[in-house]
Amino acid sequence: MTPGARRALAAASRLFYERGIHAVGVDLIAAEAGVTKKTLYDRFGSKEQIVVEYLAARDERWRTYVLERLEAAGPGAVERVRAVFDASREWMDDSSPKGCAMVNAHAEISDPAHPAYAVITGQKQWMLRLFTDLAPEHARTLMLLHEGAMVAHGLRVFADPIGYAREEATALVGGQGT
């Protein structure tokens with residue numbers, strides 16, 4: 001990617017997350033990145049492709065983030081499940097105060113024909129596979145605890161929903177709360 005394309009993707013990523021995908025146009029992305037609309041279209045082809053690139057890059061960072069924490073966790077299922085919830089809490093506190101970017105994007109992009117839809121659903125399918133690998137008999141429940149906690153975190157429904165979900169997940173998988 002050229003420096004201008006990287007700036008455009010960085011600007012689009014920030015704007016899409018902060019304001020919403022439909023609320024951000026290519027004019028604003030170009031202005032924020034200091035590039036022309038022509039540069040955006042030359043590099044990405046369409047706004048839809050910029051959305052795909054934004055979500056795919058965020059998903060890649062998320063997967064790396066979680067896998068690094070799993071690598072550092074103990075070998076047991078409880079420790080590894082806790083590591084996922086701990087990673088989620090840290091990620092949300094550090095880079096996602098408005099909730100899960102994939103859930104937020106899905107609120108705006110629910111058409112399976114949209115090219116970003118596969119990125120959104122692919123991230124959630126990856127999470128289900130991750131929980132299946134960690135605790136097969138509880139994977140769906142862990143997924144629901146996790147996703148509900150992420151949504152509640154973004155909505156600020158109550159204090160520390162991810163911590164609460166972590167403790168419920170710990171009890172479910174068979175460990176003691178901490």
Side-chain angles (χ1 to χ4, degrees), residues 1-37 39-70 83-128 130 143-166:
M1 241 191 250
T2 65
R6 281 194 297 276
R7 284 194 318 274
L9 185 56
S13 297
R14 181 180 52 76
L15 292 165
F16 288 152
Y17 185 77
E18 289 174 0
R19 299 183 187 186
I21 292 166
H22 292 316
V24 173
V26 292
D27 289 326
L28 180 58
I29 295 168
E32 291 278 324
V35 299
T36 65
K37 279 177 39 176
T39 297
L40 285 179
Y41 287 114
D42 286 348
R43 301 295 181 256
F44 298 101
S46 67
K47 179 183 171 184
E48 285 182 343
Q49 189 58 37
I50 299 171
V51 172
V52 169
E53 297 290 334
Y54 150 63
L55 292 172
R58 192 166 178 108
D59 181 37
E60 184 178 325
R61 286 191 313 274
W62 165 246
R63 291 181 192 208
T64 299
Y65 193 84
V66 170
L67 292 175
E68 286 171 354
R69 272 126 192 101
L70 280 173
V84 173
F85 283 87
D86 290 343
S88 297
R89 182 193 289 144
E90 292 167 17
W91 176 271
M92 297 298 279
D93 287 344
D94 292 343
S95 63
S96 296
K98 296 179 77 167
C100 174
M102 298 299 163
V103 171
N104 295 348
H106 187 261
E108 296 188 70
I109 301 169
S110 59
D111 179 2
H114 191 288
Y117 188 84
V119 177
I120 296 165
T121 58
Q123 196 272 336
K124 298 308 176 188
Q125 291 164 350
W126 182 81
M127 288 301 299
L128 181 58
L130 178 70
M143 176 76 171
L144 292 172
L145 280 169
H146 183 264
E147 293 305 308
M150 301 287 269
V151 170
H153 177 90
L155 294 172
R156 307 280 187 254
V157 174
F158 56 90
D160 195 18
I162 299 172
Y164 181 82
R166 177 191 190 269

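Bear in mind the structure is a predicted one, so any value in this text is a computation, not a measurement.
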For residues 48-57, please give each side-chain donor-acceptor pair under 3.5 Å, one per line with the distance, not counting sequence neighbours.
from : atom 1 : to  : atom 2 : distance (Å)
Q49  : NE2    : E53 : OE2    : 2.9

Query raised in the report: Should M150 and M102 count as side-chain neighbours, where that means a heavy-atom distance under 4.5 Å?
Result: no
Report task. Check whether any side-chain heavy atom of D93 sits under 4.5 Å from a side-chain heavy atom of I162, and report yes or no. Result -> no
Query - Residue E60 excluded, over 12 heavy atoms near CD under 6.0 Å - result: no
Query - Distance in Å, H153 NE2 paired with L155 CG, rounded so as to fall on 0.5 Å steps - result: 10.0 Å
Query - side-chain contact (heavy atoms from CB on, under 4.5 Å) evaluation trace for L9 with F44 - result: CA-CA 9 Å; L9 185 56; F44 298 101; 4.2 Å; yes
Query raised in the report: With sequence neighbours excluded, what pairs up with Y164 under the side chain to side chain contact (heavy atoms under 4.5 Å, CB included) test?
Result: F158, E168
**Report entry** Derivation of the side-chain contact (heavy atoms from CB on, under 4.5 Å) call for M127 and W62
**Finding:** CA-CA 10 Å; M127 288 301 299; W62 165 246; 3.4 Å; yes
Report task. Look at the side chain of Y17 and the backbone N and O of K98, then say whether any donor-acceptor pair between them is shorter than 3.5 Å. Result -> yes
Query raised in the report: Going from NE2 on H146 to CG on L128, what distance comes out if it is rounded to the nearest 0.5 angstrom?
Result: 12.0 Å
Query raised in the report: In chain order, what residues pass the side-chain hydrogen bond (donor to acceptor under 3.5 Å, both in side chains) check against R19, with sequence neighbours excluded?
Result: none
Report summary line: All heavy atoms of K47 vs all of F16, minimum pair found to be CE-CE2, 3.9 Å
Output side-chain donor-acceptor pairs under 3.5 Å for residues 116-125, partner residues at least two apart or in another chain, one line each.
from : atom 1 : to   : atom 2 : distance (Å)
T121 : OG1    : Y117 : O      : 3.1
K124 : NZ     : E147 : OE1    : 2.7
K124 : NZ     : E147 : OE2    : 3.4

Report summary line: Rounding to 0.5 Å, atoms OG (S88) and OH (Y65) come to a distance of 9.0 Å
Counting only pairs under 3.5 Å, give me each side-chain donor-acceptor contact of residues 20-35, with atom names and distances, residues two or more places apart or in other chains.
from : atom 1 : to   : atom 2 : distance (Å)
H22  : NE2    : E108 : O      : 2.9
D27  : OD1    : K37  : NZ     : 3.3
E32  : OE1    : R14  : NH2    : 2.5

Query raised in the report: According to the salt bridge (charged side-chain N to carboxylate O under 4.0 Å, His left out) rule, which pairs have a member within residues 151-160, sequence neighbours left out?
Result: R89-D160
